[in-house]
Enquirer: 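I have a structure I would like to understand better, so I am pasting it below and will then ask my questions one at a time.
Within every chain, numbering begins at 1; the chains are lettered A, B, ... in the order of the sequence lines, protein sequences first and strands thereafter.
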Protein chains: 2
Amino acid sequence: MHPVDHHRGAGRPATALLNRKRITDAAMRLIRSKGPDGLTMAGLASALGVSAAALYNHADSKNMILRWVEDRLMQMIDVSAFGEIDWRSATIVWARNYWRVMRDNNQFVEAIAKTPIGGAPQTIAMYEAVAAGLLAGGWPLERIVPAIIAIESFIYGSAFDAQAPESLLDPGELSADAPVFSRAVGHYRSADYNVAAEHTFEDGLAALLTGLALSAGVRG
Amino acid sequence: MHPVDHHRGAGRPATALLNRKRITDAAMRLIRSKGPDGLTMAGLASALGVSAAALYNHADSKNMILRWVEDRLMQMIDVSAFGEIDWRSATIVWARNYWRVMRDNNQFVEAIAKTPIGGAPQTIAMYEAVAAGLLAGGWPLERIVPAIIAIESFIYGSAFDAQAPESLLDPGELSADAPVFSRAVGHYRSADYNVAAEHTFEDGLAALLTGLALSAGVRG
DNA sequence: TTGCTAAATTAACGCCGTTTATTTTAGGCG
DNA sequence: CGCCTAAAATAAACGGCGTTAATTTAGCAA
């Protein structure tokens, strides 16, 4: 009986079409399928069967939606190790989880990295858990934030590169100007990245923690 | 005698107004003064006293211009130590230079990070120098790329640590849900980090190199 | 001299995030 | 029950962005 079925005129519908969950879900689906730049307000709206302006009844901006996505990701990172084991082991467990989430969701990371930082609830909750764990482990307050920043940046850098090898370099182009490096890239490519990348990450993380603890005067 | 002085009509001028150097210089000046998002084709053109379309006679895209900027940065990183001293000392000198360039030019790094990666010539040249240095130092080929990745991730991580993200968080909002973290942020804001950050970097780098060399079976 | 190419202008295009105005509905209150 | 306000949608537009097309002018080679 409904005339053309699809075309809804102006005006509030009987039951709401949008909410935060639906928007976040659709945004993540879009990023997954179309890549980091695949999320546009128009595209998101059409995926939700809605006009773009309707989104602004629920989110102040695209950045806010990206923060919802960020929050979903952060929720996946397990911080339960803090408070159960010593700070160094707990930090390693946390960082490893963090890194895996980033590695497995690199499209999201790229999308989020382009937006100004905002403290979404789950993100802050994670920071709080880490900060409390470090404090309990004997870290001085003023060294906690720099340490977290350094670890986080290292995680992002490693996660990014863990997925980068394909885009790394076109061996044909550079073999003339960079013979050694192009051979090294060739060897790296033929190995098993997932294993190699995880090794690289673990080694680097251990080294970073040692350095940070040293300069903070903490032992562990 | 020139009528209004400023207004040049259409047509090729007697002497060219643009070249790669001028464009890159102006782009870097713009990013420095207006931040990572301050570089627009229109703004760049007007800074050069030229129409936006004129830029496309010299660069295929904005991304290409950003790669020129990246190349300038990479050019600033001194790799001459490789081949002069042992691999470990040379790597430390190189990484320290790299880190300082990143720390002192953070706007550029942010701007570049938002663009798809492209292997700019100087970037590749730097990798080649490092790879050759490590190979000469006894590193096995297949361990070179992972080592560079780990070191680079560490450099980026430490460089981000060094510069204070002033926008980090609004302490008022989060003190309820994140008491420890908000106190840590407060302490972080009020300290002197340039010195501490450099210490963190040097200590961490030394530890990282030891860890990498160990797992690669190299001595140094 | 003629023609080709390079380097500039002017004008436009399409996409993006966002805003404003309008319409319709739901829900609370007398 | 009727009214009013707030909420949730549409429609239409805006300004800014990167980029392209068409045109104009200058230098240079045959």
Enquirer: Along nucleotides 23-30 of chain D, 5' to 3', which nucleotides get a B, which get an S, and which get a -, given that the test is a protein heavy-atom distance under 4.0 Å?
Expert: -BBBS---

Enquirer: Just jot down the side-chain hydrogen bond (donor to acceptor under 3.5 Å, both in side chains) partners of A:Ser80, sequence neighbours excluded, or say none.
Expert: A:Asp78

Enquirer: What's the CG-C1' distance between A:Leu44 and C:dT18, to the nearest Å?
Expert: 14 Å

Enquirer: Rounded to whole angstroms, how far apart are CG on B:Leu17 and P on C:dT9?
Expert: 7 Å

Enquirer: Parallel, tilted or perpendicular: which fits the ring planes of A:Phe154 and A:Phe201, with parallel below 30° and perpendicular above 60°?
Expert: parallel

Enquirer: Rounding to a whole Å, what distance do you find between A:Leu55:CG and D:dA11:C1'?
Expert: 15 Å

Enquirer: For a quick test of reading the model: is some side-chain N or O of B:His58 closer than 4.0 Å to OP1 or OP2 of C:dA8?
Expert: yes

Enquirer: Just checking, A:Arg72 and A:Trp68: is the charged tip under 6.0 Å from the six-membered ring centre and within 45° of the axis?
Expert: no

Enquirer: Yes or no on ring pair (Phe, Tyr, Trp, His ring centres under 6.0 Å) for B:Tyr127 and A:Phe181, after CA distance, side-chain angles and deciding distance?
Expert: CA-CA 7 Å; B:Tyr127 288 145; A:Phe181 183 57; 5.1 Å; yes

Enquirer: Please enumerate all residues that pass side-chain hydrogen bond (donor to acceptor under 3.5 Å, both in side chains) together with A:Asp203, with sequence neighbours excluded.
Expert: B:Ser215

Enquirer: Do any pairs count as a salt bridge (charged side-chain N to carboxylate O under 4.0 Å, His left out) and have a residue in residues 30-45 of chain B, sequence neighbours left out, and if so which ones?
Expert: B:Asp37-B:Lys114

Enquirer: Can a salt bridge be assigned to the pair B:Asp25 and B:Lys21 using a cut-off of 4.0 Å between side-chain N and carboxylate O?
Expert: yes

Enquirer: Restricting to salt bridge (charged side-chain N to carboxylate O under 4.0 Å, His left out), what partner residues turn up for A:Glu202, sequence neighbours left out?
Expert: A:Arg96

Enquirer: Summarise how protein sits on nucleotides 11-17 of chain C as a single string, 5' to 3': B when a protein heavy atom is under 4.0 Å from the base, S for sugar-phosphate-only contact, - for no contact.
Expert: -----SS

Enquirer: Is a donor-acceptor contact shorter than 3.5 angstrom present between the side chain of A:Asn57 and the base of D:dA9?
Expert: yes

Enquirer: Heavy atoms under 4.0 Å, any strand shown: does B:Ala16 hit a base, just sugar-phosphate, or nothing?
Expert: sugar-phosphate

